[in-house]
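Notes for the one structure printed next.
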Amino acid sequence: MTDPTGRNDGRTAQEVLDYLVTHLNGALRRPGTYGGEIAIRLYLDAVAFADASEQEWQQELQDLQTRRGFSATGVRGAFQDLWGDAHEGAVASVYAETAYRKGWLQLDRTLTSAEHHEMRRVSETWCRKDRLLSDVVTAFGPPSVLFGGSNPNYPKTLAYATGQRNDTLLCFHLWNSFAADQSSSLASVHAEPVLWAFRYGGTLFTDSFTFTPEGSARRLPDASRTEPESRRGSSARPE
């Protein structure tokens, strides 16, 4: 490549792609630090260009809109419509599915195919009870990717993946926040994040969720009415 002065600095196209992929992964894992959903989309634009995958990336966005996972206000709007809260880790995990399928997502841990299948198999039954962050990690081990940082006072999403791009990214969405106590000082609502839903696949965006009791209670009425009665609550995701 050449710099603005016309000098060749010796950087290859692969080095540029690797640089962009590294920053994309930073934006996915710590979206608040990088600028949120807009920054993630800009990095995906850049990575797709560097990888000659612009058309595939635009198709991914179109598919997301078709599945109603992308509203006038982006993926954030789809989560806002679902349960009135759109924390950045959950939003990042949706874009991470594209990065995963394209081989751009950097994993801290890879599941075996058997582990991936078992997690999918037990998810509906496991989500019939309220769970905490520690319960998720105890049951399934450390995540492949943590979206939203490690501070227990904030929401986060734990994603699990194999090394096979055609396997689905499995996501646990957890929530926590601050509430003023009687002394007017800030304290977190929960000692650690509480699980709202497990997400994977789904024809429509709302089909991809299996809700815990806590997650079902947080859902907006309009979101619940868009699904048949048999798929509300913990059975929201089709088999």
Side-chain angles (χ1 to χ4, degrees), residues 25 28-29 60 63-64 67 69 75 78-79 82-83 87-150 152 155-176 190 192-219 227 230-239:
N25 278 268
L28 289 169
R29 290 168 183 259
E60 290 274 357
D63 292 345
L64 191 57
R67 295 179 58 229
V75 173
F79 276 106
L82 182 67
W83 53 36
H87 63 82
E88 292 174 328
V91 172
S93 72
V94 174
Y95 288 106
E97 294 181 82
T98 294
Y100 178 56
R101 284 189 286 268
K102 293 299 298 176
W104 303 331
L105 186 63
Q106 297 168 344
L107 305 179
D108 296 330
R109 173 195 171 204
T110 55
L111 273 62
T112 65
S113 295
E115 289 171 329
H116 186 271
H117 175 77
E118 181 66 9
M119 190 177 295
R120 290 179 56 184
R121 187 186 69 82
V122 305
S123 63
E124 184 172 331
T125 301
W126 199 77
C127 286
R128 289 176 183 169
K129 295 174 60 178
D130 284 324
R131 308 285 184 175
L132 300 173
L133 171 62
S134 57
D135 296 324
V136 177
V137 176
T138 297
F140 304 111
S144 301
V145 186
L146 172 62
F147 302 106
S150 59
K156 57 194 78 276
T157 292
L158 277 62
Y160 293 81
T162 68
Q164 304 298 317
R165 297 184 194 177
N166 58 335
D167 284 336
T168 311
L169 202 65
L170 309 179
C171 296
F172 291 91
H173 298 295
L174 301 106
W175 180 88
N176 204 359
H190 304 285
E192 59 178 303
V194 62
L195 180 65
W196 276 9
F198 172 80
R199 180 177 64 82
Y200 83 90
T203 302
L204 295 178
F205 183 66
T206 52
D207 294 339
S208 62
F209 292 84
T210 296
F211 295 91
T212 62
E214 177 73 14
S216 293
R218 295 282 185 164
R219 299 186 66 192
E227 299 174 0
S230 62
R231 284 162 60 181
R232 297 179 188 175
S234 63
S235 59
R237 174 183 51 77
E239 288 298 318

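Nearest heavy atom pair, residue Gly141 against residue Arg109, reads C-NH1, 3.4 Å. Summarising the geometry of Ala139 relative to Trp126, their closest heavy-atom pair is CB-CZ2, 3.8 Å, with the distance given to 0.1 Å. Nearest approach of Ser208 to Gly201, heavy atoms of both residues: CB-O, 2.8 Å. The nearest pair of heavy atoms linking Ser93 to His173 is OG-CE1, 3.4 Å.
Interatomic distance, Asn176 CG to Leu133 CG, rounded to the nearest 0.5 Å: 9.5 Å. Between the CG atom of Leu111 and the NE2 atom of His117 there is a distance of 13.0 Å, given to the nearest 0.5 Å. The CD atom of Glu88 sits 11.5 Å away from the OG1 atom of Thr157 when rounded to the nearest 0.5 Å. Here the straight-line distance linking atom OH of Tyr200 with atom CG of Asp207 works out to 11.5 Å at 0.5 Å rounding. To the nearest 0.5 angstrom, Gln164 atom CD is 7.5 Å from Tyr100 atom OH. The OG atom of Ser113 lies 13.0 Å from the CD atom of Glu118; values are rounded to the nearest 0.5 Å.
Counting heavy atoms from C-beta on, the side chains of Arg219 and Leu82 come closer than 4.5 Å. Pro193 has its side chain out of reach of Pro155: every pair of non-hydrogen atoms, C-beta onward, lies at least 4.5 Å apart. Residues Trp175 and Arg218 are in side-chain contact: their nearest non-hydrogen atoms beyond the backbone lie under 4.5 Å apart. Val122 has its side chain out of reach of Phe198: every pair of non-hydrogen atoms, C-beta onward, lies at least 4.5 Å apart. Side-chain atoms of Tyr95 and Leu105, non-hydrogen and from C-beta on, never get closer than 4.5 Å to each other. Contact check for Leu28 versus Val145: no side-chain heavy atoms found under the 4.5 Å cut-off. Here the side chains of Val91 and Phe147 are not in contact, with every heavy-atom distance at 4.5 Å or above.
Using modelled atom types, no side-chain atom of Arg120 and backbone atom of Leu170 make a donor-acceptor pair closer than 3.5 Å. Between the side chain of Asp63 and the backbone N or O of Glu60, no donor-acceptor pair lies under 3.5 Å. Side-chain N or O atoms of His116 include none that pairs as donor or acceptor with a backbone N or O of Thr110 at under 3.5 Å. Proximity of a side-chain donor or acceptor of Arg131 to a complementary backbone N or O of Thr212 within less than 3.5 Å is not detected. Judged by distance alone, with hydrogens and angles left aside, the side-chain atoms of Asn25 form a donor-acceptor pair with the main-chain N or O of Gln106 at under 3.5 Å.
Under the side chain to side chain contact (heavy atoms under 4.5 Å, CB included) criterion, Thr112 pairs with Ala114, Glu115, not counting sequence neighbours. For Tyr160, the ring-ring contact (aromatic ring centres under 6.0 Å, His included) partners two or more places apart in sequence, or in a different chain, are Phe172. Residues meeting the side chain to side chain contact (heavy atoms under 4.5 Å, CB included) test with Glu97, sequence neighbours left out: Val94, Arg101, Leu169, Arg199.
When each of Phe209, Trp83, Phe211 is tested with Trp196 by the rule ring-ring contact (aromatic ring centres under 6.0 Å, His included), just one qualifies, namely Trp83. Partner of Glu214 under the side chain to side chain contact (heavy atoms under 4.5 Å, CB included) criterion, chosen from Leu174, Leu195, Asp130: Asp130.
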Practice task
In sequence, state the C-alpha distance, the side-chain angles, and the governing distance for Leu158 and Val137, and then conclude on side chain to side chain contact (heavy atoms under 4.5 Å, CB included).
Solution key: CA-CA 9 Å; Leu158 277 62; Val137 176; 3.9 Å; yes
